[in-house]
Amino acid sequence: MAAVSFSTIRSRFATKVLTLSGFTISRNPFDDFNRNPNGVAHKRASVGVSMVARSDQRESSSVGVLCESVVVVKYPYRLRPKDQVLDFDNSMDSVEEVIRACTVRAAPLHTDLQIFFNSANHEITDSGEYIINTLNFTVLHTIALT
């Protein structure tokens, strides 16, 4: 498995999410609050990477470091006042759509990566206008030491 940088992984996930209908990628860096203006917030995704090296292996300058990173895809889904239950269901359908897109083993997303879906969580904002979906994927990859 060839080395793949953290920034490349984040970029590949963002590109994959961008191919899904109605999704856009936030111009802001990943954050826990998803600070997008309400006019463009619906399905505006942020992608972040938590870097974790595996503790059960030795680093080698010729091979690199085997990492088990967590990629987080987070986006708001608008809940219309008169159709909140329907929009909640549609939001869950969009979660499944993202999971399918990111776990189908195809290039370029999966090139030199192993990707596994971990979890999906959702939280309705205090205003009740949006549901924030957060998806976590484990990614096994190698980073270069040279």
Side-chain angles (χ1 to χ4, degrees), residues 1-57 63-145:
M1 182 170 12
V4 181
S5 70
F6 296 116
S7 61
T8 299
I9 293 168
R10 191 213 60 76
S11 177
R12 287 183 188 178
F13 269 84
T15 300
K16 184 53 123 176
V17 170
L18 190 58
T19 66
L20 301 174
S21 177
F23 278 86
T24 57
I25 298 299
S26 177
R27 292 197 259 162
N28 303 323
F30 180 82
D31 65 49
D32 286 333
F33 303 107
N34 210 306
R35 298 180 186 141
N36 292 299
N38 280 351
V40 296
H42 179 68
K43 292 174 122 178
R44 186 155 215 159
S46 294
V47 179
V49 180
S50 299
M51 304 121 197
V52 180
R54 293 197 43 142
S55 60
D56 61 346
Q57 50 94 34
V63 176
V65 178
L66 180 63
C67 292
E68 186 174 321
S69 301
V70 176
V71 174
V72 180
V73 177
K74 188 172 193 170
Y75 64 94
Y77 195 100
R78 187 164 192 281
L79 300 174
R80 295 171 293 174
K82 295 184 179 182
D83 290 319
Q84 287 194 336
V85 174
L86 176 63
D87 285 342
F88 181 85
D89 290 343
N90 291 338
S91 171
M92 296 299 102
D93 291 344
S94 75
V95 166
E96 290 181 30
E97 183 180 17
V98 173
I99 293 168
R100 271 192 302 278
C102 293
T103 57
V104 170
R105 301 207 185 285
L109 177 60
H110 282 262
T111 303
D112 296 317
L113 302 177
Q114 292 182 31
I115 300 171
F116 307 93
F117 170 68
N118 276 348
S119 65
N121 300 306
H122 60 270
E123 180 181 340
I124 296 176
T125 60
D126 291 338
S127 68
E129 188 175 359
Y130 289 96
I131 182 169
I132 307 295
N133 292 306
T134 306
L135 293 82
N136 295 293
F137 298 87
T138 297
V139 178
L140 296 176
H141 63 104
T142 304
I143 58 171
L145 286 178

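What you see is a predicted model; the values in this text were computed from it and never measured.
Residues forming a side-chain contact (heavy atoms from CB on, under 4.5 Å) with Glu123 (at least two apart in sequence, or on another chain): none. The ring pair (Phe, Tyr, Trp, His ring centres under 6.0 Å) test applied to Phe6 returns His141, not counting sequence neighbours. Judged as a side chain to side chain donor-acceptor pair (under 3.5 Å), and not counting sequence neighbours, the contacts of Ser119 are Asn136. The side-chain contact (heavy atoms from CB on, under 4.5 Å) search around Thr125 returns Ser127, Tyr130, Ile132, not counting sequence neighbours. In this structure, the ring pair (Phe, Tyr, Trp, His ring centres under 6.0 Å) partners of His122, at least two apart in sequence or on a different chain, are Phe88. Residues forming a salt bridge (charged side-chain N to carboxylate O under 4.0 Å, His left out) with Glu97 (at least two apart in sequence, or on another chain): none. Take Thr142 and apply the side chain to side chain donor-acceptor pair (under 3.5 Å) test, not counting sequence neighbours, and it matches no residue. When the side-chain contact (heavy atoms from CB on, under 4.5 Å) test is applied to Lys16, the partners found at least two apart in sequence or on another chain are Thr19, Ala101, Cys102, Leu109. Scored by the ring pair (Phe, Tyr, Trp, His ring centres under 6.0 Å) test, Phe137 finds Phe13, Phe117 as partners (sequence neighbours excluded). The side-chain contact (heavy atoms from CB on, under 4.5 Å) check on Ser50 picks up Val70, with sequence neighbours excluded. Under the rule for a side chain to side chain donor-acceptor pair (under 3.5 Å), the partners of Thr138 that lie at least two apart in sequence or sit in another chain are Asn118.
Residues Ile124 and Leu79 are in side-chain contact: their nearest non-hydrogen atoms beyond the backbone lie under 4.5 Å apart. The side-chain heavy atoms of Val49 and Phe30, taken from C-beta on, include no pair separated by under 4.5 Å.
Side-chain atoms of Thr103 come within 3.5 Å of backbone N or O of Ile99 as a donor-acceptor pair.
To the nearest 0.5 Å, atoms CG (Asn90) and NZ (Lys43) are separated by 8.5 Å. Taking OH of Tyr77 as the start and CD of Glu129 as the end, the distance is 14.0 Å to the nearest 0.5 Å. In this structure, the separation between CZ on Arg10 and OG on Ser69 is 14.0 Å, given to the nearest 0.5 Å. Remark: Arg44 CZ to Arg27 CZ distance equals 6.0 Å, nearest 0.5 Å.
Considering every non-hydrogen atom in both Ala45 and Phe23, the closest pair reads CB-CD2, 4.4 Å. Taking each heavy atom of Arg78 and His42 in turn, the nearest pair found is N-ND1, 3.0 Å. Here the shortest heavy-atom pairing between Leu145 and Gly64 reads CG-CA, 4.1 Å. Scanning both residues, Ala3 and Ala144, for their nearest heavy atoms gives CB-N, 3.6 Å.
Within a 6.0 Å sphere centred on CG of Asp126, heavy atoms belonging to other residues, nucleotides or ligands number 12 at most.
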Practice task
Might you work through the side-chain contact (heavy atoms from CB on, under 4.5 Å) test for Val73 and Val17, ending with a clear yes or no?
Solution key: CA-CA 9 Å; Val73 177; Val17 170; 4.1 Å; yes

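Exactly one of Leu113, Val47, Ile115, Ile143 qualifies for a side chain to side chain contact (heavy atoms under 4.5 Å, CB included) with Ile9. That residue is Leu113.
Side-chain polar atoms of Asn133 and Ser91 form a donor-acceptor pair below 3.5 angstrom.
Pairs of residues two or more places apart, or lying in two chains, that qualify as salt bridge (charged side-chain N to carboxylate O under 4.0 Å, His left out) and include a residue from residues 81-90 are Arg80-Asp83, Arg80-Asp87.
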